[in-house]
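Note that the coordinates shown come from a computational prediction; the quantities given were computed from them, not determined experimentally.
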Amino acid sequence: MSVPMLKIGAVLSTMAMVTNWMSQTLPSLVGLNGTTISRGGTSERIVSALYPSPEEGWQIYSSAQDADGKCICTVVAPAQNMCNRDPRSRQLRQLMEKVQNISQSMEVLDLRTYRDLQYVRNTESLMKVVDGKLKVASENPRSLNPKGFQELKDKVTQLLPLLPVLEQYKADAKMILRLREEVRNLSLVLMAIQEEMGAYDYEELRQRVLLLETRLHSCMQKLGCGKLTGVSNPITVRASGSRFGSWMTDTMIPSSDNRVWSMDGYFKGRRVLEYRTMNDFMKGQNFVQHLLPHPWAGTGHVVYNGSLYYNKYQSNIIIKYHFRSRSVLVQRSLSGAGYNNTFPYSWGGSSDIDLMADENGLWAVYTTIPNAGNIVISRLEPQSLEVLQTWDTGFPKRSAGESFMICGTLYVTNSHLAGAKIYFAYYTNTSSYEYTDIPFHNQYSHISMMDYNPRERVLYTWNNGHQVLYNVTLFQVIKTSGD
């Protein structure tokens with residue numbers, strides 16, 4: 001679909017002028033990156049969906065002019081903690097901590113003062129009695145007999161605990177003076193920060209930037225599909241589980257589902273852990289467990305529109321399991337597909353059938369005996385699991401480390417070990433292929449799962465017990481509105 005360049009330019013130009021602030025969830029961790037070169041009626045753009053590194057801020061990677069001379073800027077959004085390094089932000093956080101400490105001190109002081117005041121009130125009647133007896137004794141010393149003297153002595157003894165209370169009062173009075181001085185200093189610092197920041201409200205600015213982030217992500221989604229040209233350095237999200245496994249988020253576009261699923265192992269597993277958010281997954285908290293009715297084989301599972309699609313153990317049956325109803329909605333045999341380590345990836349692990357999703361829908365990557373062990377791609381109907389169309393890539397599956405789909409193109413790595421690269425691409429839209437040379441850093445030296453998420457435009461990998469993300473860079477030709 002043709003995307004008007006002028007609209008994209010207007011959005012990105014606005015975003016390039018904003019200072020960013022991000023909260024902690026990851027949450028929107030997606031930015032936009034690229035290079036734009038104007039050529040007549042078309043513009044060639046490299047688009048990258050990023051989880052920016054902590055060192056990056058809002059950056060203009062390039063700019064160009066359209067046919068009308070309007071400037072078009074390409075920007076990248078920074079990491080969520082970018083403004084945490086802002087000196088003013090640090091000052092504000094420190095001031096908030098001081099205010100919190102002062103508030104806690106005031107609460108303690110108030111509680112202690114209330115308790116001591118109650119004690120003083122309870123001893124008030126006793127003090128009146130002692131005062132009366134002392135007046136009588138002073139006016140008529142002879143009236144103070146041994147018994148009366150002992151009673152007076154006992155009353156005074158009962159008043160002795162009042163002394164430390166009065167000492168505490170004096171200490172509290174000094175604390176009040178210190179708190180008053182701290183509050184005065186805080187007021188001066190806040191006034192200085194307010195003058196430095198001018199008329200901007202920091203919270204309002206944060207909300208504006210978050211809104212612009214949403215618009216930026218929306219703009220990126222409208223840019224549509226492209227050809228893979230690069231993979232970023234790995235981003236390790238967590239280290240958990242065994243050497244083999246898979247993890248994922250929902251790949252359906254659009255979706256507001258932030259859940260994360262983890263499936264440890266490749267052999268007869270049935271336990272799926274569901275985390276509420278990516279942040280919960282990183283911390284290993286707030287999860288529920290699903291016990292699948294049938295065990296899985298391999299690591300080629302995918303979550304699409306709230307359902308888990310996986311290969312049933314020791315079969316070529318694909319199962320669609322719905323998470324919310326905790327039930328199997330449909331299962332269907334993938335006709336002729338090898339299973340049980342007949343045609344796995346190079347690392348083995350019963351990886352005969354690999355299910356995946358991209359911008360074009362749901363796919364199965366596998367092979368058959370008639371195809372002589374070469375990779376076969378089938379597009380599936382998500383509701384019935386019926387095969388809609390099939391392609392024979394001619395690439396031997398045992399020579400592949402892993403594979404993933406982006407925009408209808410299957411990308412194949414030449415190894416699951418260190419030194420791996422994306423070596424082969426098959427284009428389903430033209431039924432053609434080419435050999436590629438796209439390196440990526442296999443940090444933990446044994447990838448057993450590698451899948452693309454079109455909603456977030458990142459690669460999810462399970463690498464030797466580590467859950468790792470990669471950003472992707474896509475090359476795209478965008479038509480101007482005049483074409």
Would you tell me whether [X] and [Y] have side-chain atoms, one donor and one acceptor, within less than 3.5 Å of each other?
X: Ser242; Y: Asp264; value: yes
X: Thr249; Y: Glu456; value: yes
X: Ser333; Y: Asn316; value: yes
X: Glu274; Y: His290; value: yes
X: Asn442; Y: Asn463; value: yes
X: Tyr366; Y: Ser378; value: yes
X: Thr368; Y: Asn371; value: yes
X: Asp354; Y: Tyr345; value: yes
X: Glu434; Y: Tyr426; value: no

Mind listing the closest non-hydrogen atom pair of [X] and [Y] along with its distance?
X: Leu355; Y: Leu380; result: CD2-CD1, 4.3 Å
X: His416; Y: Ser346; result: ND1-OG, 2.9 Å
X: Val303; Y: Thr251; result: O-OG1, 2.8 Å
X: Thr299; Y: Ser448; result: OG1-O, 2.5 Å
X: Val412; Y: Ala400; result: CG1-CB, 3.3 Å
X: Met252; Y: Asn305; result: CB-N, 3.5 Å

Just say parallel, tilted or perpendicular for the rings of Phe395 and Tyr435, cut-offs at 30° and 60°.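 Tilted: the ring planes of Phe395 and Tyr435 meet at 30° to 60°.
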Once you measure the plane-to-plane angle for Phe323 and Trp261, does it fall in the parallel (<30°), tilted (30-60°) or perpendicular (>60°) bin?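 The rings of Phe323 and Trp261 lie parallel, inter-plane angle below 30°.
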Less than 4.5 Å apart, side chain to side chain, heavy atoms only: is that true for [X] and [Y]?
X: Leu459; Y: Leu469; result: no
X: Val272; Y: Tyr321; result: no
X: Met248; Y: Asn453; result: no
X: Val260; Y: Thr277; result: no
X: His446; Y: Trp347; result: yes
X: Met449; Y: Tyr460; result: yes
X: Thr393; Y: Val376; result: no
X: Leu228; Y: Val472; result: yes

Decide side chain to side chain contact (heavy atoms under 4.5 Å, CB included) for Leu291 and Arg326; before the verdict, give the C-alpha distance in whole Å, the side-chain angles of both, and the deciding distance to 0.1 Å. CA-CA 9 Å; Leu291 193 63; Arg326 294 178 178 263; over 6 Å; no
Is it the case that atom OH in Tyr444 sees more than 12 heavy atoms from other parts of the structure closer than 6.0 Å?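 Counting other residues, nucleotides and ligands, OH of Tyr444 exceeds 12 neighbours.
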Counting only heavy atoms not in Arg271, do more than 12 sit closer than 6.0 Å to its CZ atom?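 Counting other residues, nucleotides and ligands, CZ of Arg271 stays at 12 neighbours or fewer.
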Given the rule in the side chain to side chain contact (heavy atoms under 4.5 Å, CB included) test, do Gln383 and Lys320 qualify, once you have shown the distances and angles that lead to the verdict? CA-CA 9 Å; Gln383 301 303 320; Lys320 177 183 179 181; 3.3 Å; yes
Could you check Trp363, Tyr452, Tyr411 and say which one makes a ring pair (Phe, Tyr, Trp, His ring centres under 6.0 Å) with Phe404?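 So, applying the ring pair (Phe, Tyr, Trp, His ring centres under 6.0 Å) to Phe404 and each of Trp363, Tyr452, Tyr411, only Tyr411 qualifies.
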Please confirm whether the ring centroid of [X] lies under 6.0 Å from the ring centroid of [Y].
X: Tyr266; Y: Trp296; result: no
X: Tyr313; Y: His294; result: no
X: Tyr433; Y: Phe424; result: yes
X: Phe281; Y: Trp247; result: yes

Can you tell me how far [atom2] of [Y] sits from [atom1] of [X], rounded to the nearest 0.5 angstrom?
X: Glu381; Y: Ser384; atom1: CD; atom2: OG; answer: 4.0 Å
X: Ser351; Y: Phe244; atom1: OG; atom2: CZ; answer: 10.0 Å
X: Thr409; Y: Glu359; atom1: OG1; atom2: CD; answer: 9.5 Å
X: Asp451; Y: Thr461; atom1: CG; atom2: OG1; answer: 10.0 Å
X: Asn233; Y: His441; atom1: CG; atom2: NE2; answer: 7.0 Å
X: Arg243; Y: His466; atom1: CZ; atom2: NE2; answer: 12.0 Å

Start with the C-alpha distance between Ile235 and Val468, add both sets of side-chain angles, then the distance that settles side chain to side chain contact (heavy atoms under 4.5 Å, CB included), and finish with yes or no. CA-CA 5 Å; Ile235 303 167; Val468 181; 5.6 Å; no
Check: [X] side chain, [Y] main-chain N or O, donor-acceptor pair, under 3.5 Å:
X: Asp358; Y: Gly361; answer: yes
X: Asp280; Y: Tyr275; answer: no
X: Thr229; Y: Thr473; answer: yes
X: Ser445; Y: Ala418; answer: no
X: Arg238; Y: Gln467; answer: no
X: Asp352; Y: Thr342; answer: yes
X: Asn311; Y: Ser315; answer: yes
X: Thr413; Y: Glu402; answer: yes
X: Asn341; Y: Ser350; answer: yes
X: Lys397; Y: Phe343; answer: yes

Over-ring placement of Lys421 relative to Phe440, 6.0 Å and 45° cut-offs: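 Output no; distance or angle outside limits.
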Could you check Ser307 against Leu329 for side chain to side chain contact (heavy atoms under 4.5 Å, CB included), going step by step and ending with a plain yes or no? CA-CA 9 Å; Ser307 292; Leu329 299 185; 4.2 Å; yes
